[in-house]
Number of protein chains: 2
Amino acid sequence: MFHALADANRRAVIERLTRGPATVSELAAQLGVTVAATVQHLQVLQDSELVRSEKVGRVRTCQIDPAGLRNAEAWLRRQRTAWEHRLDRLGAVLDDQKKEPGS
Amino acid sequence: MFHALADANRRAVIERLTRGPATVSELAAQLGVTVAATVQHLQVLQDSELVRSEKVGRVRTCQIDPAGLRNAEAWLRRQRTAWEHRLDRLGAVLDDQKKEPGS
DNA sequence: CTGAAACTTAAGTCGCTACTTGACTTTGTT
DNA sequence: AACAAAGTCAAGTAGCGACTTAAGTTTCAG
């Protein structure tokens with residue numbers, strides 16, 4: 001799932017879509033790659049629930065799906081807070097040792 | 001930088017380190033790969049400022065570096081809020097159209 | 001109906017990346 | 001001193017992943 005965000009072109013797609021929906025051709029033009037390559041990127045982004053798309057007529061319109069972004073954010077926050085809480089506990093232990101230096 | 005988080009073994013290292021520091025050998029044992037491979041992962045994690053490490057004697061001890069986590073979190077938050085603000089503006093436009101249906 | 005536009009799918013190429021093995025350096029133990 | 005432990009470095013290999021080209025498919029315009 002972070003794998004989807006690891007590619008610069010896919011991140012560019014995300015950034016583009018935060019400014020509004022876009023078609024496959026538009027995204028391809030902006031990235032400077034083939035339409036086929038863009039479709040493959042979109043497949044990855046959809047599998048990670050970072051992008052949704054809907055086809056009407058012959059044109060597929062893509063937009064952000066907040067679910068994936070929230071998941072990624074949640075994982076990072078979990079790691080960071082776990083680390084911070086550990087530091088808190090460590091600080092408490094050190095404080096105890098200061099107050100009561102006897103082993 | 002997201003590339004560092006894209007690998008499952010590297011994420012496992014992060015998760016392990018949130019529970020306290022560890023040596024290279026300990027991390028290698030937990031991952032089930034060679035020490036050499038683990039060193040390579042650590043190199044990537046350090047380049048992204050996700051992990052710091054210090055060598056004392058012949059043993060290197062690793063711990064979380066919050067800088068990278070914060071950067072990743074910030075990028076995700078930027079994208080998410082940009083998207084939410086866009087929805088807000090869109091909502092405002094639709095409200096205007098309701099009030100003033102004349103083209 | 002003909003043809004172009006927008007996308008889809010399949011196959012192939014090429015570079016990158018994770019991993020290993022093996023040789024080496026440094027540090028600690030007996 | 002001699003050996004073991006912990007890590008580092010350098011190649012080498014296997015597989016994945018991003019991209020392309022080429023051949024469909026579907027939809028819309030004239």
Side-chain angles (χ1 to χ4, degrees), chain A residues 1-17 19-65 68-69 71-72 75 79, chain B residues 1-17 19-65 68-69 71-72 75 79:
Chain A
M1 168 157 94
F2 277 102
H3 158 252
L5 294 168
D7 184 83
N9 276 341
R10 282 196 289 264
R11 283 197 303 276
V13 168
I14 298 275
E15 289 184 351
R16 168 61 186 81
L17 291 183
R19 316 223 197 295
T23 72
V24 175
S25 309
E26 285 167 1
L27 293 173
Q30 169 153 347
L31 295 183
V33 301
T34 319
V35 172
T38 306
V39 170
Q40 290 168 8
H41 282 309
L42 287 172
Q43 191 56 52
V44 174
L45 289 169
Q46 291 189 41
D47 289 349
S48 308
E49 294 183 308
L50 288 160
V51 164
R52 257 178 310 157
S53 74
E54 194 190 1
K55 190 162 183 176
V56 37
R58 62 183 167 178
V59 45
R60 173 175 298 278
T61 306
C62 312
Q63 63 178 315
I64 294 274
D65 181 351
L69 286 181
N71 280 350
W75 187 89
Q79 304 310 317
Chain B
M1 170 161 95
F2 278 103
H3 158 254
L5 293 169
D7 184 84
N9 276 341
R10 283 196 289 265
R11 282 196 304 274
V13 167
I14 299 274
E15 289 185 350
R16 167 63 187 80
L17 291 182
R19 315 217 198 300
T23 72
V24 176
S25 309
E26 285 167 0
L27 293 173
Q30 170 152 346
L31 294 184
V33 301
T34 320
V35 172
T38 306
V39 170
Q40 289 169 9
H41 282 309
L42 286 172
Q43 190 56 52
V44 174
L45 288 169
Q46 292 188 39
D47 290 348
S48 309
E49 294 183 309
L50 289 161
V51 164
R52 258 178 310 157
S53 73
E54 193 190 2
K55 188 164 185 176
V56 37
R58 63 181 165 179
V59 45
R60 174 175 298 277
T61 307
C62 311
Q63 62 179 315
I64 293 275
D65 181 352
L69 286 181
N71 280 350
W75 188 89
Q79 304 310 317

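Every chain is numbered from 1, with letters handed out A, B, ... down the list of sequences.
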[X] [atom1] to [N] [atom2], straight-line distance once rounded to whole Å:
X: B:Q43; N: C:dC19; atom1: CD; atom2: P; result: 15 Å
X: B:R60; N: D:dT8; atom1: CZ; atom2: C1'; result: 9 Å
X: B:D47; N: C:dA18; atom1: CG; atom2: P; result: 12 Å
X: B:E54; N: D:dT8; atom1: CD; atom2: P; result: 13 Å

**Report entry** Sequence-distant partners of A:N71, side-chain hydrogen bond (donor to acceptor under 3.5 Å, both in side chains), two or more places apart
**Finding:**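 Not a single residue meets the side-chain hydrogen bond (donor to acceptor under 3.5 Å, both in side chains) criterion with A:N71.
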Requested in this report: Taking side-chain hydrogen bond (donor to acceptor under 3.5 Å, both in side chains) as the test, write out the residues that go with A:Q30, two or more places apart.
Outcome: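 Partners of A:Q30 by the side-chain hydrogen bond (donor to acceptor under 3.5 Å, both in side chains) criterion come out as none, since no residue qualifies.
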Query - B:M1 side chain near B:W75 side chain, heavy-atom distance below 4.5 Å - result: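 SC-SC contact between B:M1 and B:W75 ruled out.
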Query raised in the report: Using a cut-off of 4.0 Å between protein heavy atoms and nucleotide atoms, how would you tag nucleotides 16-30 of chain D 5' to 3' with B, S and -?
Result: --SBBB-----BS--
Query raised in the report: Under 3.5 Å, is there a donor-acceptor pair between the side chain of A:R10 and the main chain of A:A4?
Result: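 Present.
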Query raised in the report: Can you name the nearest heavy-atom pair linking A:I14 to A:I64, along with the distance?
Result: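 Result for this residue pair: O-CD1, 3.7 Å.
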Report task. Would you name the heavy atoms of B:C62 and B:L42 that are closest together and state the gap between them? Result ->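 Minimum heavy-atom separation between B:C62 and B:L42: SG-CD1, 3.8 Å.
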